[in-house]
> 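Below: one structure in structure tokens.
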Amino acid sequence: MDIFKPLDLSRDSHNTEDPSIERVHCLIIGSGPAGYTAAIYAARANLKPVLYTGLQMGGQLTTTTDVENFPGYPDGITGPGMMEDFKKQAERFGTEIRFGIATNADFSDKLLRVTFDENNIIEADTVIIATGATARYLGLEAESRYAGMGVSACATCDGFFYKGKDVAVVGGGDTAAEEATYLAGLCRKVYLIVRRNELRASKAMQEKVLNNPKIDILWEHQTVDLFGENGVEGAVLVKKKGTPEEEIVKIKIDGFFLAIGHTPNSDVFKVFLETDVTGYIKTIPGTTKTTIPGVFAAGDVQDPVYRQAVTAAGSGCMAAIDAERYLSECLNNTL
Ligand code: NDP
């Protein structure tokens with residue numbers, strides 16, 4: 001088998017049997033912190049990476065306003081600005097960045113195949129999946145209206161802007177409990193809007209929420225609208241919806257945080273890769289290796305716990321190193 005020789009395989013190489021199929025050494029899917037960091041490391045290791053951006057170039061951070069917790073930016077930076085920096089750095093070392101959405105994958109052979117935009121097939125020696133996760137929203141028109149103006153799906157990213165103010169968190173799971181607790185450390189008051197009369201969060205997290213005097217739990221409440229002139233000033237809720245005691249409740253808030261779960265963007269790869277019940281790609285602990293040799297996963301698509309730009313970037317670096325070592329081992333085995 002000579003698929004790994006030579007390591008400086010030119011980018012315009014093609015499958016010998018089907019010249020319409022392009023072959024690359026390192027294919028990176030996703031353009032968030034994980035994807036771009038993987039690209040920087042892979043390019044510097046001469047893997048000549050080709051990166052497909054996905055629909056939202058720059059990933060979830062492009063929907064955030066200011067990023068103040070990424071090391072290296074002492075004065076903070078806008079989310080889109082930071083992702084532009086990541087992109088420039090990846091390009092500087094020769095990453096080829098293309099717009100395209102992975103629509104199919106076939107990892108049944110040693111040469112890994114991913115199809116973009118339904119008809120563009122790429123054959124790769126290594127694939128780094130960094131497709132991220134998408135925060136779930138309630139589906140209210142008001143969520144789009146106030147995007148970046150009081151509506152957020154990341155308390156760790158945006159909570160600081162609500163210091164001393166009143167905010168609401170929607171959800172009853174561990175994320176909601178964690179975010180409400182985090183926000184209670186910054187804000188004057190935190191409403192936790194829970195649709196049932198119990199929390200799904202772990203007992204330990206429940207204790208924290210229930211014992212925090214700054215957190216006011218609104219049991220059996222559902223949000224139906226947000227209001228405000230130039231940003232969120234309040235929310236309209238329905239208490240005990242569908243029961244004889246149903247009533248409309250209005251709360252005054254400056255920030256509205258969604259914490260009703262994330263959906264990892266792993267659907268295309270699920271046939272071949274092991275995922276957990278939510279769809280997060282499973283990796284071998286301490287590495288970015290998936291169950292398929294040569295396929296690596298980095299960033300939010302494999303991380304249900306931390307989900308931070310800096311941890312995603314770190315795992316992107318790990319994925320490129322894992323890919324480079326995998327290629328070297330394969331090359332050594334063929335010599
Ligand atoms: P979960 O799926 O666990 O919880 C989602 C919560 O949002 C539930 O309370 C659910 O309500 C509520 N919800 C869903 N849809 C709506 C809706 N349309 N309107 C109102 N409420 C809604 O997601 P999490 O993100 O909290 O957690 C995901 C996983 O990550 C879990 O396994 C969790 O344990 C883990 N995690 C672990 C952490 C840690 O260990 N430190 C931190 C954060 C997460 P209902 O209960 O009624 O279904």
Side-chain angles (χ1 to χ4, degrees), residues 60 63 69 131-144 146-147 151-159 167-185 190-212 215-226 232 235-243 246-251 253 255-267 270 274-283 285 297 299-312 315:
Q60 287 185 76
T63 62
N69 56 6
T131 44
T134 306
R136 288 192 205 126
Y137 284 78
L138 296 169
L140 304 174
E141 184 275 327
E143 288 169 319
S144 332
Y146 294 109
V151 172
S152 167
C154 179
T156 328
C157 319
D158 298 329
V167 298
V169 176
V170 187
D174 277 324
T175 303
E178 205 169 71
E179 304 224 324
T181 308
Y182 175 79
L183 289 167
V190 180
Y191 293 102
L192 183 60
I193 305 170
V194 182
R195 68 177 171 185
R196 291 188 292 141
N197 60 0
E198 60 178 335
L199 294 169
R200 181 186 289 272
S202 58
K203 282 277 170 267
M205 285 308 298
Q206 289 195 25
E207 290 292 309
K208 279 194 184 174
V209 168
L210 294 166
N211 293 324
N212 193 319
I215 300 176
D216 184 357
I217 305 185
L218 302 177
W219 302 105
E220 295 180 78
H221 282 65
Q222 292 183 38
T223 314
V224 289
D225 204 1
L226 301 170
V232 171
V236 184
L237 316 174
V238 179
K239 186 180 176 183
K240 299 201 172 185
K241 198 174 179 187
T243 70
E246 177 175 311
E247 65 174 292
I248 298 283
V249 176
K250 284 187 181 175
I251 53 170
I253 46 166
F256 182 76
F257 289 84
L258 280 309
I260 58 171
H262 282 74
T263 307
N265 302 319
S266 62
D267 279 0
K270 268 186 186 162
E274 216 177 300
T275 59
D276 71 6
V277 282
T278 317
Y280 287 97
I281 295 175
K282 285 192 180 174
T283 51
D300 286 12
V301 74
Q302 53 83 57
D303 175 13
V305 180
Y306 301 105
R307 298 196 294 245
Q308 298 301 298
V310 67
T311 50
S315 70

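For ligands, and for the atoms within them, numbers begin at 1 and follow the listed sequence. The shown structure was predicted, so the numbers you read here are calculated from the model rather than taken from an experiment.
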> Students should be able to answer this: which protein heavy-atom is nearest to atom 8 (C) of ligand 1, and at what distance?
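For atom 8 (C) of ligand 1, the nearest protein heavy atom comes out as Arg200 NE, 3.5 Å.
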> Ignoring hydrogens and geometry, is there a side-chain-to-backbone donor-acceptor pair from Thr181 to Val209 under 3.5 Å?
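Side chain of Thr181 to backbone of Val209, a donor-acceptor pair under 3.5 Å: no, none is there.
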> Can you confirm whether some protein heavy atom lies under 4.0 Å from atom 32 (O) of ligand 1, or whether none does?
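No, there is no protein heavy atom closer to it than 4.0 Å.
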> Name all residues meeting the side chain to side chain donor-acceptor pair (under 3.5 Å) criterion together with Asp276; count only those two or more places apart in sequence or in a different chain, and write none if there are none.
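By the side chain to side chain donor-acceptor pair (under 3.5 Å) rule, Asp276 matches no residue at all.
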> What atoms of ligand 1 come within less than 4.0 Å of a heavy atom belonging to Gly172?
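Every atom of ligand 1 under 4.0 Å from some heavy atom of Gly172: 6 (C), 7 (O), 8 (C), 9 (O).
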> Given Glu178, Arg195, Arg136, which one has a non-hydrogen atom that is nearest to atom 15 (N) of ligand 1?
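Closest candidate by heavy-atom distance is Arg195.
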> Could you tell me whether the side chain of Thr156 reaches within less than 4.5 Å of the side chain of Gln308, counting heavy atoms only?
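When only atoms from C-beta onward are counted, Thr156 and Gln308 do touch, with a gap below 4.5 Å.
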> Would you say Leu199 and Met205 make side-chain contact, with heavy atoms under 4.5 Å?
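Of all side-chain heavy-atom pairs linking Met205 with Leu199, none is under 4.5 Å.
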> Give me the residue, atom name and distance of the protein heavy atom closest to atom 23 (O) of ligand 1.
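Result: Gly261 CA, 3.9 Å.
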> Look up atom 19 (N) of ligand 1 and tell me if a protein heavy atom lies less than 4.0 Å from it?
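Yes, at least one protein heavy atom sits under 4.0 Å from atom 19 (N) of ligand 1.
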> If you measure every N/O of Thr175 against every N/O of ligand 1, is any gap under 3.5 Å?
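Yes, since at least one N or O of Thr175 sits under 3.5 Å from an N or O of ligand 1.
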> So do Thr223 and Phe256 actually touch side chain to side chain, heavy atoms under 4.5 Å?
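Yes. Closest side-chain heavy atoms under 4.5 Å.
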> Looking at side-chain heavy atoms only, is the closest gap between Leu140 and Asp225 below 4.5 Å?
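A side-chain contact is absent here, since even the closest heavy-atom pair is not under 4.5 Å.
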> Looking only at distances, please establish whether an N/O atom of ligand 1 is found under 3.5 Å from an N/O atom of Gly171.
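Between Gly171 and ligand 1, no N or O pair is found under 3.5 Å apart.
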> State, yes or no, whether a side-chain contact exists between Ile248 and Val238 at a heavy-atom distance under 4.5 Å.
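Counting from C-beta outward, Ile248 and Val238 do come under 4.5 Å.
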> Give the residue and atom name of whichever protein heavy atom lies nearest to atom 30 (O) of ligand 1, and the separation in Å to one decimal.
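It is Pro304 O, 3.8 Å.
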> With no hydrogens and no angle check, is any side-chain donor or acceptor of Arg136 less than 3.5 Å from a backbone partner on Ile260?
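Checked: pair present.
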> Strictly less than 4.0 Å: does any protein heavy-atom distance to atom 44 (C) of ligand 1 fall in that range?
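Protein heavy atoms within 4.0 Å of atom 44 (C) of ligand 1 - there is at least one.
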> Give me the nearest non-hydrogen protein atom to atom 38 (C) of ligand 1 as residue plus atom name, then the distance to 0.1 Å.
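Of the protein heavy atoms, Asp174 CB, 4.0 Å lies nearest.
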> Where does Leu199 meet ligand 1, judged by heavy-atom distances below 4.0 Å: at the side chain, the backbone, both, or neither?
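Leu199 to ligand 1: no contact under 4.0 Å from either part.
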> Quick one: nearest non-hydrogen protein atom to atom 7 (O) of ligand 1, plus distance?
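Closest protein heavy atom to atom 7 (O) of ligand 1: Ile260 CA, 3.4 Å.
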> For residues 168-183, which residue pairs qualify under salt bridge (charged side-chain N to carboxylate O under 4.0 Å, His left out), counting only residues two or more places apart or in two chains?
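Checked against salt bridge (charged side-chain N to carboxylate O under 4.0 Å, His left out) - neighbours excluded - no pair reaches residues 168-183.
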> Among all protein heavy atoms, pick out the one at the shortest distance from atom 46 (O) of ligand 1; state its residue, atom name and that distance to 0.1 Å.
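Answer for atom 46 (O) of ligand 1: Arg196 NH2, 2.8 Å.
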> Measure from the side-chain N and O atoms of Gln60 to the backbone N and O of Ala133, and report whether any donor-acceptor pair falls under 3.5 Å.
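At least one qualifying donor-acceptor pair exists.
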> With a 4.0 Å cut-off on heavy atoms, does Leu138 reach ligand 1?
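Yes, Leu138 has a heavy atom closer than 4.0 Å to ligand 1.
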> Is there a nitrogen or oxygen of His262 sitting under 3.5 Å from a nitrogen or oxygen of ligand 1?
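No; every N/O pair is 3.5 Å or more apart.
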